[in-house]
Novice: 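If you scroll down you'll find the structure; I have some questions about it.
Each chain gets a letter, A, B and so on, in the order the sequences are listed, and its residues count up from 1.
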There are 2 protein chains.
Amino acid sequence: MKRDMINLNLIQNPPSQGRPERRDAAENRQLILETADRLFAARGVQDVCMAEIAKEAGIGKGTLYRRFANKGELCLSLLDEDYQLFQNQQLARFQEQMQAQLSPIEQLIGFLTQLLYFINDHVDLLNEIEQVGLDDASANVSIPHWWNHLTIRGLLQSAVNHGEISPDADLEYIAGALLAPLDSRILRLHLTAHGFTLDQIAAGQESLVRGLAR
Amino acid sequence: MKRDMINLNLIQNPPSQGRPERRDAAENRQLILETADRLFAARGVQDVCMAEIAKEAGIGKGTLYRRFANKGELCLSLLDEDYQLFQNQQLARFQEQMQAQLSPIEQLIGFLTQLLYFINDHVDLLNEIEQVGLDDASANVSIPHWWNHLTIRGLLQSAVNHGEISPDADLEYIAGALLAPLDSRILRLHLTAHGFTLDQIAAGQESLVRGLAR
DNA sequence: GATATTAACGGACCGCAGTCCGCTTGTCAA
DNA sequence: TTGACAAGCGGACTGCGGTCCGTTAATATC
């Protein structure tokens, strides 16, 4: 069975539906992204407010919010490039590993490790992204989250097909449970309050996944 | 080996250190708790703001914040009674189950299920509690979280001693990983966006725990 | 090039969490 | 009873995320 691993790519950098942005609007989008990137790098995502980004970019707050509905969406756009790179790297890895006949369980362990490091590298942006939409019912979940979930689910399904995991397993939930400790808020908790190290987490993940295989 | 399961009980309902509260202060604390409880019940935790609680209680905002440093702390106090009840119930359960010689793994599954339902019943309060302190480095973690973690860890340790789990396992991390999907924010995500049911989650948890046992 | 249309723009504005500080009052010792 | 003082008190204030709406200007059509 083929896994559904098309690069989703529908983060909303250019809105891509309706007619294209006016030139000034497109310029501002770029300007905002560059400004935000610079300010975030200098003083941390948490400590830079939207008004400041607008001011520093020399535009009004209304303009900023016309481009990006909220801080999370801005952060999502900022993450976009790196995340697409990550997706493509993983896709390439899967290709190699498939040819090398690496078992799905091993692939899953590898993916979770890679994901762990990626998330750790972008905790602050992701934190802002995940903060958004606690009331919004659906659309609650950021796009990266869904791709991660889908990928893990796909690997689990492969493992079932490969006989490594019982066909009775609830793959949908297991994927969610494996992903939960990688939520940026939880990860941060684990790293700071609990004092876990990245290697420790990677090892722990691995042992959990191995537990799934019989 | 005995598990460390003293009822922590040090939620800060009366502050319990330093001299006792002045009478007016204690009255206000009660008044605030009752008012908040009523408003939250009527319109939801998220939709009631601190100013409204103060106004409805007929006190100033400063007074409110003198009693409770932030909304999360207020919610924690509101949760206190129920949570202590929960703790005691679980402690009693463990007693029974120990006498019935139920294996630690089974006890853990039972505990996680009970915890799932408890958290589900109090998602809104917990959500507010967990929102707090993303920058605070330590003290980040709410007291309930620690007790839950400690309890799970204790049960895992018993399972190791009982030969159900490999002694090489990283119990500290595993406890964290099992608890992660029960974080109120993640649980809410799972219930709404993913559409998981409580029974599904309980079953999924159980299968993960069984996977840990060899 | 003139004109209409439609999106972009900017900044005043709102609501909420949390802080500050000058005023008031309970409590305890004399 | 009184007086001193720590604790309690209230509400104006700040900062931030996000919205609104009157004004401006880019494009499309003639």
Novice: Are any of the side-chain nitrogens in B/E130 or A/R185 under 4.0 Å away from the carboxylate oxygens of its partner?
Specialist: no
Novice: For B/Q84 and B/N88, what are the C-alpha separation, side-chain angles and deciding distance, and is it a side chain to side chain donor-acceptor pair (under 3.5 Å)?
Specialist: CA-CA 6 Å; B/Q84 284 192 36; B/N88 291 328; 5.3 Å; no
Novice: Relative to the ring of B/F86, is the ring of B/F111 parallel (under 30°), tilted (30 to 60°) or perpendicular (over 60°)?
Specialist: tilted
Novice: Taking CZ from B/F68 and P from D/dC9, how many angstroms apart are they, rounded to a whole number?
Specialist: 12 Å
Novice: Once the angle between the rings of A/W146 and B/H194 is folded into 0 to 90°, is it parallel (under 30°), tilted (30 to 60°) or perpendicular (over 60°)?
Specialist: tilted
Novice: Rounded to whole Å, how long is the line connecting atom NZ of A/K71 with atom P of D/dG18?
Specialist: 9 Å
Novice: With a 3.5 Å cut-off and just heavy-atom distances, do the side chain of A/K61 and the base of D/dG18 make a donor-acceptor pair?
Specialist: yes
Novice: Ignoring backbone atoms, establish whether A/N28 has a side-chain N or O less than 4.0 Å from OP1 or OP2 of C/dC9.
Specialist: yes
Novice: Round to a whole Å and report the spacing from CD1 of B/I59 to P of C/dC23.
Specialist: 21 Å
Novice: Can you tell me how far P of D/dG8 sits from OH of B/Y65, to the nearest Å?
Specialist: 18 Å
Novice: Of B/L112, B/I174, B/L182, B/L171, which is the lone residue that meets side-chain contact (heavy atoms from CB on, under 4.5 Å) with B/I152?
Specialist: B/L112
Novice: Heavy-atom nearest nucleotide on DNA chain C for A/R66 versus B/E128: which residue maps closer to 5'?
Specialist: A/R66
Novice: What's the CE-P distance between A/M50 and D/dC16, to the nearest Å?
Specialist: 13 Å
Novice: Tell me the interatomic distance from B/I53, atom CD1, to D/dG10, atom P, rounded to whole angstroms.
Specialist: 15 Å
Novice: For A/D47 and for A/G62, find the nucleotide of DNA chain D with the closest heavy atom, then tell me which residue's nucleotide is more 5'.
Specialist: A/D47
Novice: If I take atom NZ in residue A/K55 and atom C1' in nucleotide C/dG11, what distance separates them, rounded to the nearest angstrom?
Specialist: 13 Å
Novice: Under 4.0 Å between a side-chain N/O of A/R67 and OP1 or OP2 of C/dA8, yes or no?
Specialist: yes
Novice: Does A/T63 place a side-chain N or O at less than 4.0 Å from the phosphate oxygens OP1/OP2 of C/dG10?
Specialist: yes
Novice: Provide, to the nearest angstrom, the distance between the CG atom belonging to B/L64 and the C1' atom belonging to C/dG18.
Specialist: 10 Å
